[in-house]
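What follows is one structure encoded as structure tokens, with my remarks underneath.
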Amino acid sequence: MKALGTLLLLLGGLWVRHSVLSRHREHIQMGEELLEALQILERGVYTLRRPLGELIEQCRAAERLTAPFWAAVGQAMAAGISFQRAWREGLTLLPEPYGILLLPLWQTLPAGTGMDLLHQVREDVYRAVGQARQESGERSKLVTALCLSSSLLVAVVLL
């Protein structure tokens, strides 16, 4: 019975670890989705000259974690709100630092100018994702050690 209780405590510690780390993994996946969407926007705006509303809808359909952002921008534009305002308001739905990194695009995307700025924003998002990956590795070790050691400590105290 003691062994079963100890096993349950360890499993509980691993579950807490998984919960804590999954939130950070979502943050990384969100950055990766934004990179894909920025590629769609670059191709659509600068190469194919497609309307922004169509491209926003394409980004919303292609993404999972960032879909609420794209949906908010698309709905605001469909309601007659300017792209600039819809973009700035939609950015509040993105976690840091992604909202801040995408902010400069509100001026250049509708005009079809500023391809260099879009490349710079993509590079900044890419660096933020890389930094989040690096922190994830460090955080994973720390969270694993804390969760398992606290589970073992509780098991020893209860025994």
Side-chain angles (χ1 to χ4, degrees), residues 12-151:
L14 290 175
W15 178 79
V16 168
R17 174 196 175 273
H18 174 73
S19 298
V20 169
L21 294 179
S22 68
R23 182 79 173 140
H24 196 66
R25 271 186 243 113
E26 276 186 5
H27 190 267
I28 293 170
Q29 290 171 346
M30 190 174 284
E32 291 169 348
E33 283 185 9
L34 287 172
L35 287 171
E36 293 171 13
L38 289 173
Q39 194 168 22
I40 290 170
L41 287 174
E42 178 182 352
R43 184 169 171 255
V45 170
Y46 300 107
T47 306
L48 302 175
R49 303 285 186 199
R50 305 300 305 161
L52 273 177
E54 179 182 310
L55 295 171
I56 298 295
E57 180 57 31
Q58 186 178 354
C59 291
R60 187 201 58 77
E63 310 304 343
R64 183 178 62 87
L65 295 172
T66 58
F69 163 70
W70 299 112
V73 173
Q75 289 170 355
M77 288 175 60
I81 296 174
S82 70
F83 174 79
Q84 290 85 355
R85 184 171 162 214
W87 186 260
R88 287 187 308 228
E89 290 175 3
L91 289 176
T92 61
L93 298 173
L94 295 176
E96 295 298 325
Y98 303 129
I100 293 170
L101 293 176
L102 294 178
L103 182 62
L105 297 178
W106 71 273
Q107 291 177 315
T108 58
L109 282 177
T113 61
M115 192 170 184
D116 292 340
L117 178 62
L118 181 63
H119 285 288
Q120 181 62 45
V121 168
R122 276 184 43 205
E123 284 297 316
D124 291 344
V125 171
Y126 182 78
R127 276 193 291 273
V129 169
Q131 183 179 359
R133 281 191 187 122
Q134 182 180 6
E135 290 172 2
S136 177
E138 297 166 0
R139 183 174 287 164
S140 177
K141 293 174 187 175
L142 179 63
V143 169
T144 300
L146 287 173
C147 288
L148 289 178
S149 62
S150 63
S151 296

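This structure is a prediction, so every number in the text was calculated from the model and none was measured. Index from 1, following the sequence.
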Closest contact, heavy atoms only, [X] versus [Y]:
| X | Y | result |
| --- | --- | --- |
| A128 | L101 | CB-CD1, 4.0 Å |
| C59 | I40 | SG-CG2, 3.9 Å |
| T108 | L117 | CG2-CD2, 3.6 Å |

**Asked** What residue pairs, at least two apart or across chains, pass ring pair (Phe, Tyr, Trp, His ring centres under 6.0 Å) with a residue in residues 104-128?
**Response** none
**Asked** Which residue pairs pass the ring pair (Phe, Tyr, Trp, His ring centres under 6.0 Å) test with at least one member in residues 19-60, sequence neighbours excluded?
**Response** H27-Y98
**Request:** Return each pair, listed once, that meets salt bridge (Lys or Arg N to Asp or Glu O under 4.0 Å) where at least one residue sits in residues 97-114; pairs must be two or more places apart or across chains.
**Result:** none
**Message:** Filter on salt bridge (Lys or Arg N to Asp or Glu O under 4.0 Å), then keep only pairs touching residues 38-48, sequence neighbours left out; what's left?
**Reply:** E42-R122
Non-neighbouring partners of [X] that pass side chain to side chain donor-acceptor pair (under 3.5 Å), sequence neighbours left out:
| X | value |
| --- | --- |
| E135 | Q131 |
| Q120 | D124 |
| Q39 | none |

**Prompt:** Does any non-hydrogen side-chain atom of L105 lie less than 4.5 Å from one of L38?
**Reply:** yes
Expected list for residues 30-37: side-chain donor-acceptor pairs under 3.5 angstrom, two or more places apart:
from, atom 1, to, atom 2, distance (Å)
E32, OE2, R133, NH2, 2.2
E33, OE1, R64, N, 3.3
E33, OE1, L65, N, 2.9
E33, OE1, T66, N, 2.9
E33, OE1, T66, OG1, 3.0
E33, OE2, R64, N, 3.2
E33, OE2, L65, N, 3.0

Enumerate donor-acceptor pairs with a distance under 3.5 Å from any side-chain N or O in residues 85-94 to protein atoms, sequence neighbours excluded.
from, atom 1, to, atom 2, distance (Å)
R85, NE, E89, OE2, 2.9
W87, NE1, L102, O, 3.0
T92, OG1, E89, O, 2.6

**Complete:** Across all chains, not counting sequence neighbours, the salt bridge (charged side-chain N to carboxylate O under 4.0 Å, His left out) partners of E26 are R23
**Request:** Not counting sequence neighbours, which residues clear salt bridge (charged side-chain N to carboxylate O under 4.0 Å, His left out) with E54? List them please.
**Result:** R50
